[in-house]
A.B. asks: 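Pasting a structure here, questions to come.
Numbers here are sequence positions counted from 1. Just so you know, ligand 1 is whichever comes first in the structure, and atom 1 is the first atom listed for that ligand. Remember, it's a predicted structure, so these values are computed and weren't measured experimentally.
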Amino acid sequence: MSMPRSPTSCVRSASGVIIAKSPAELDIMREAGRITALALDAVASAVRPGVTTAELDAVAEDTIVRAGARPAFKGYHGFPATLCTSVNDQVVHGIPGKRVLREGEIVSVDCGAIVDGYYGDSARTFAVGTVSPEAQRLMDVTRRSLEAGISRCRPGMRLYDVSAAVQEVAEAAGFSVVREYVGHGIGRAMHEDPQVPNYGKAGTGPALKVGMVLAIEPMVNAGTADVRSLDDGWTVVTLDGAMSAHFEHTVAITEDGPRVLTVAGSDTP
Ligand code: MG
Ligand code: MG
């Protein structure tokens, strides 16, 4: 789940301090991330023309609960579901429901799990059946922009090296990055400091240090960057109605570089 950009620091953090996690804490966060990834894998298998977003939500919740974790989003500031499901021009925070997915649509699925009080947070955009070449390109570029950001997650880099890497990939492809919502630090709260914008000046921002954990989440629009919120109080859509894609991983900074926590299976060094 992304957070609204705020002018100073995270509105829900009293300290403004970036909390480093111990190796033991990272192992718990790895489990939360693993279960989050399992849920997204299950959703990936369930996405097809004719499925409703509520059905995808049920698949994710079942996977998380069976794995012994709790859905992170359900009840978060009143959010009613396990997933955010955002279709086509919806950017983030769409609420699962009766909407039936149609051939050619894209659906951004954001998911989080809690294990022993620690959070995992991850998102992927899926094609529903066969999509247009432009929709596919938008998804591919957004995923590549996330990978570029992750590659900067090492000690010695600055936070906005991550931001700039994301922005560069998205804009080089002719797309735009959303400004009004950002990634975030994550740990015992879903949204910790720092904010992780998808735009910024390389070589600036807080120094990245071992033990920091960032949820990096490019929201990339095919048209302009501007967004607005719907009357449901959650769903964010593009102002121009063009499509948007969203990919996210929870990433720890280690001495050896980035450790992506939100993947299934065993760790690869
Ligand atoms: Mg998320
Ligand atoms: Mg997030």
A.B. asks: On the six-membered ring of Y118, is R188 placed so that its NZ or CZ lies under 6.0 angstrom from the centre and within 45° of the ring axis?
C.D. replies: yes

A.B. asks: For the Mg ion (ligand 2), decide whether H191 has an N, O or S atom at a distance under 2.8 Å.
C.D. replies: no

A.B. asks: Output the atom name for the N/O/S atom of E217 with the smallest distance to the Mg ion (ligand 2).
C.D. replies: OE2

A.B. asks: Taking both backbone and side chain into account, is any N, O or S atom of S122 nearer than 2.8 Å to the Mg ion (ligand 1)?
C.D. replies: no

A.B. asks: Only to 10 degrees, please: what angle do the OE2 atom of E248 and the OD2 atom of D121 make about the Mg ion (ligand 2)?
C.D. replies: 90°

A.B. asks: Verify the distance test for T250 against the Mg ion (ligand 2): any N/O/S atom under 2.8 Å, yes or no.
C.D. replies: no

A.B. asks: Could you tell me which N, O or S atom of D110 is nearest to the Mg ion (ligand 1)?
C.D. replies: OD1

A.B. asks: Run through S2, S229, S108 and flag the one making a side chain to side chain donor-acceptor pair (under 3.5 Å) with H93.
C.D. replies: S2

A.B. asks: Can we say R34 and D41 salt-bridge, meaning some charged N sits less than 4.0 Å from an Asp/Glu carboxylate O?
C.D. replies: no

A.B. asks: Which residue is it: E192, E217, Q195? I am looking for the one with a side chain to side chain donor-acceptor pair (under 3.5 Å) to H184.
C.D. replies: E217

A.B. asks: Minimum heavy-atom separation for C111 and I64, please, with both atom names.
C.D. replies: SG-CD1, 3.8 Å

